[in-house]
*Asks:* 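This is the structure I have questions about; it appears just below.
Side-chain atoms are counted along with the backbone in the values below, which use heavy atoms only and exclude waters and symmetry mates. So that the names make sense, note that chain A is the first sequence line, chain B the second, and so on, each numbered from 1.
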There are 2 protein chains.
Amino acid sequence: MSRRYHHGDLAATLVDEGVALVAEVGVAGFSVAELARRAGVSTAAPYRHFGDRDRLLAAVATRVARELAACLEDTPGEDPAARLAAATGTYVAFVTRCGVGIEIVYAPALRRLGDEDLAHAGRAAMDVLIGLAREVRPSADAALLLVEQLVALAHGYASLGATGLTAERITDEDAPTRATRAARALIGAAPEAPLVVG
Amino acid sequence: MSRRYHHGDLAATLVDEGVALVAEVGVAGFSVAELARRAGVSTAAPYRHFGDRDRLLAAVATRVARELAACLEDTPGEDPAARLAAATGTYVAFVTRCGVGIEIVYAPALRRLGDEDLAHAGRAAMDVLIGLAREVRPSADAALLLVEQLVALAHGYASLGATGLTAERITDEDAPTRATRAARALIGAAPEAPLVVG
DNA sequence: GTCTATATAAGGATAGAC
DNA sequence: GTCTATCCTTATATAGAC
């Protein structure tokens with residue numbers, strides 16, 4: 001029996017393994033060579049399916065964004081405010097687990113590609129949060145501002161939790177729980193009217 | 001007149017240029033080779049002053065942490081709460097300008113070195129924020145929790161501002177201003193009692 | 001579609017000359 | 001203390017065989 005591997009769909013395998021690779025080494029550590037190694041093919045093989053490194057990474061990013069949107073959508077909660085706070089925690093948990101968040105969609109190298117699928121997936125993920133925010137903030141502008149604040153908060157907790165600023169920690173809660181707590185405070189705070197761009 | 005450059009203190013020059021290099025290409029883009037090039041010396045020269053790449057980066061990180069502490073200390077404001085909110089904005093402005101924030105102190109590669117100066121500089125920077133927080137939160141635990149939340153928020157705004165999630169932006173304010181606004185909301189929110197680690 | 005082999009480039013690090 | 005020269009590793013990407 002041959003040790004040779006027949007890939008029915010190497011492209012799909014590469015995206016699957018790519019998500020796992022990013023989860024392990026982060027976006028910075030992503031490399032076509034390492035990905036090929038894990039998929040059990042030569043370093044040249046991926047280039048038959050994706051023109052270059054960035055297009056392959058964009059495909060991985062699209063998959064990640066879709067999984068993120070699905071996670072956010074599944075977040076439970078008793079009322080809209082609770083769901084939104086919990087979704088912030090879900091976001092942190094997702095980034096902790098997957099090594100990357102929504103910022104991959106806006107990575108300069110990938111933006112340059114103008115990938116439609118990627119842009120759409122990124123927008124879909126944000127739309128989940130915006131939908132929840134609209135239920136706790138009357139105006140559309142206030143809802144967007146709140147989402148911006150919560151995403152910043154979540155992104156920060158995800159980064160700090162990973163690198164370990166938590167040497168300063170004062171509780172035994174994990175990063176997602178602490179992010180949820182902070183989100184609750186922010187959601188509960190009285191909204192200031194944002195300036196609308198003229 | 002000789003084109004030859006005599007460095008009275010190459011070590012100091014390397015740290016100076018290292019800060020500028022990190023500001024330009026980020027921590028990920030930091031390289032001894034590029035730094036040597038900018039200092040006008042061979043790629044071997046830095047290794048006479050710093051054992052390896054990480055020790056050189058640690059020296060740069062220490063300098064960055066000290067500059068950050070100085071920036072935070074200089075933040076003006078009418079009262080403690082206003083100063084703390086403004087300091088959050090200052091942090092975002094610093095990271096935008098210097099390409100890195102307090103997380104460099106906790107980078108795994110550098111933590112492994114156990115560099116005393118670096119650890120001290122990092123703690124000093126955080127102590128500025130903790131000092132301000134203690135003026136707006138009665139308990140030490142609540143103050144630490146608030147600092148954690150504000151640093152997460154600042155870190156998130158700095159990252160998103162850089163990568164451009166601001167495609168979603170609804171105001172014409174810059175990232176530091178928006179971070180200050182969010183910080184104000186968080187500081188104004190009623191503190192929840194944090195769990196103390198047993 | 002996949003492989004082998006190769007061109008090209010960058011970086012970390014060391015040995016030994018000066 | 002600094003340079004030149006070199007080695008080793010890693011990665012992107014392509015050409016041509018199978």
Side-chain angles (χ1 to χ4, degrees), chain A residues 1-18 20-22 24-61 99-100 104 107-110 112-113 115, chain B residues 1-61 99-100 104 107-110 112-113 115:
Chain A
M1 137 179 159
S2 171
R3 215 80 182 60
R4 218 75 163 56
Y5 207 96
H6 283 177
H7 289 289
D9 193 348
L10 179 57
T13 301
L14 289 171
V15 174
D16 289 347
E17 290 287 330
L21 178 59
V22 167
E24 202 170 309
V25 300
V27 184
F30 177 86
S31 95
V32 178
E34 175 60 22
L35 186 48
R37 229 167 277 137
R38 292 180 179 216
V41 296
S42 75
T43 63
Y47 292 95
R48 290 289 136 186
H49 298 270
F50 302 91
D52 58 23
R53 188 201 116 109
D54 286 346
R55 284 186 198 276
L56 176 41
L57 183 54
V60 171
V100 68
I104 195 177
L110 301 190
R112 250 174 279 141
L113 300 178
D115 186 313
Chain B
M1 137 179 160
S2 169
R3 216 79 182 58
R4 218 77 162 60
Y5 208 96
H6 283 174
H7 288 290
D9 193 349
L10 178 57
T13 301
L14 288 171
V15 174
D16 289 347
E17 290 288 329
V19 173
L21 178 59
V22 166
E24 203 170 307
V25 301
V27 185
F30 178 85
S31 94
V32 177
E34 174 61 21
L35 186 48
R37 230 167 276 135
R38 291 179 182 219
V41 296
S42 75
T43 62
Y47 292 94
R48 290 291 136 186
H49 299 271
F50 302 91
D52 58 23
R53 187 202 116 111
D54 285 347
R55 284 187 198 276
L56 178 41
L57 183 54
V60 172
V100 68
I104 194 177
L110 300 190
R112 250 175 278 142
L113 300 178
D115 186 313

*Asks:* Check whether any side-chain N or O of Ser42(B) sits under 4.0 Å from OP1 or OP2 of dT2(D), and answer yes or no.
*Replies:*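 So the side chain of Ser42(B) is outside the cut-off, no N or O lying under 4.0 Å from OP1 or OP2 of dT2(D).
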
*Asks:* Determine, step by step, whether Val60(A) and Ile104(A) satisfy the side-chain contact (heavy atoms from CB on, under 4.5 Å) criterion, reporting the C-alpha distance in whole Å, the side-chain angles of both residues, the deciding distance to 0.1 Å, and the verdict.
*Replies:* CA-CA 10 Å; Val60(A) 171; Ile104(A) 195 177; 5.6 Å; no

*Asks:* Between Gly18(A) and Leu35(A), what is the shortest heavy-atom contact and its length?
*Replies:* N-CD1, 3.4 Å

*Asks:* Leu21(B) and Ser31(B): which non-hydrogen atoms are nearest, and at how many Å?
*Replies:* CD2-O, 3.8 Å

*Asks:* I need the CG-P distance between Leu14(A) and dT12(D), as an integer number of Å.
*Replies:*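 Checked: the CG to P distance equals 13 Å.
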
*Asks:* Quickly work out the Leu57(B) CG to dA13(C) P distance and round it to whole Å.
*Replies:*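 Nearest whole value for this atom pair: 12 Å.
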
*Asks:* Return whichever of Val32(A) or Arg48(A) has its heavy-atom-nearest nucleotide of DNA chain D closer to the 5' end.
*Replies:* Val32(A)

*Asks:* If you find the nucleotide of DNA chain D closest to Tyr47(A) and the one closest to Ala11(B), which residue's nucleotide is nearer the 5' end?
*Replies:* Ala11(B)

*Asks:* Answer yes or no: is there a donor N or O on one side and an acceptor on the other, between the side chain of Asp52(B) and the main chain of Arg55(B), under 3.5 Å?
*Replies:*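 Flag set: sc Asp52(B) to bb Arg55(B) pair under 3.5 Å.
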
*Asks:* Check the distance between dA11(D)'s P and Phe30(A)'s CZ and give it to me in whole angstrom.
*Replies:*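 That distance rounds to 11 Å.
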
*Asks:* Could you tell me how far apart Phe50(A) (CZ) and dA11(D) (C1') are, to the nearest whole angstrom?
*Replies:*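 Taking CZ of Phe50(A) and C1' of dA11(D), I get 18 Å after rounding.
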
*Asks:* Among dA5(C), dG12(C), dC3(D), which nucleotide has an atom closest to any side-chain atom of Thr43(A)?
*Replies:* dA5(C)

*Asks:* Using a 4.0 Å heavy-atom cut-off, does Ala44(A) contact any base of the nucleic acid, only the sugar-phosphate backbone, or nothing at all?
*Replies:* base

*Asks:* Closest approach to the side chain of Asp52(B), judged atom by atom: which nucleotide of dC3(C), dA13(C), dG11(C) is it?
*Replies:*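 Selected nucleotide (nearest to the side chain): dA13(C).
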
*Asks:* Between Leu113(A) and Ala58(A), which heavy-atom pair has the shortest distance, and what is it?
*Replies:*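 For Leu113(A) and Ala58(A), the tightest heavy-atom pair comes out as CD1-CB, 3.9 Å.
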
*Asks:* Could you walk me through whether Leu110(A) and Leu57(A) pass the side-chain contact (heavy atoms from CB on, under 4.5 Å) test, one step at a time?
*Replies:* CA-CA 8 Å; Leu110(A) 301 190; Leu57(A) 183 54; 4.3 Å; yes

*Asks:* So Arg38(A) and Glu24(A), side-chain contact (heavy atoms from CB on, under 4.5 Å) or not? Walk me through it.
*Replies:* CA-CA 12 Å; Arg38(A) 292 180 179 216; Glu24(A) 202 170 309; 3.0 Å; yes

*Asks:* Taking CD from Glu34(A) and C1' from dT9(D), how many angstroms apart are they, rounded to a whole number?
*Replies:*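 Nearest whole value for this atom pair: 14 Å.
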
*Asks:* Using five base pairs at each end, measure the axis-to-axis angle across the helix from dG1(C)-dC18(D) to dC18(C)-dG1(D) and round it to 10 degrees.
*Replies:* 10°

*Asks:* So does Arg37(B) get a side-chain nitrogen or oxygen closer than 4.0 Å to the phosphate oxygens (OP1/OP2) of dG11(C)?
*Replies:*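 Yes, Arg37(B) has a side-chain N/O under 4.0 Å of OP1/OP2 on dG11(C).
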
*Asks:* For Leu56(B) and dG12(C), give me the distance from atom CG to atom P, rounded to whole Å.
*Replies:* 9 Å

*Asks:* Once you round it to whole Å, what is the distance between C1' of dC3(D) and NE2 of His49(B)?
*Replies:* 12 Å

*Asks:* Counting only side-chain nitrogens and oxygens, does Arg53(B) get under 4.0 Å of the OP1 or OP2 atom of dG12(C)?
*Replies:* yes

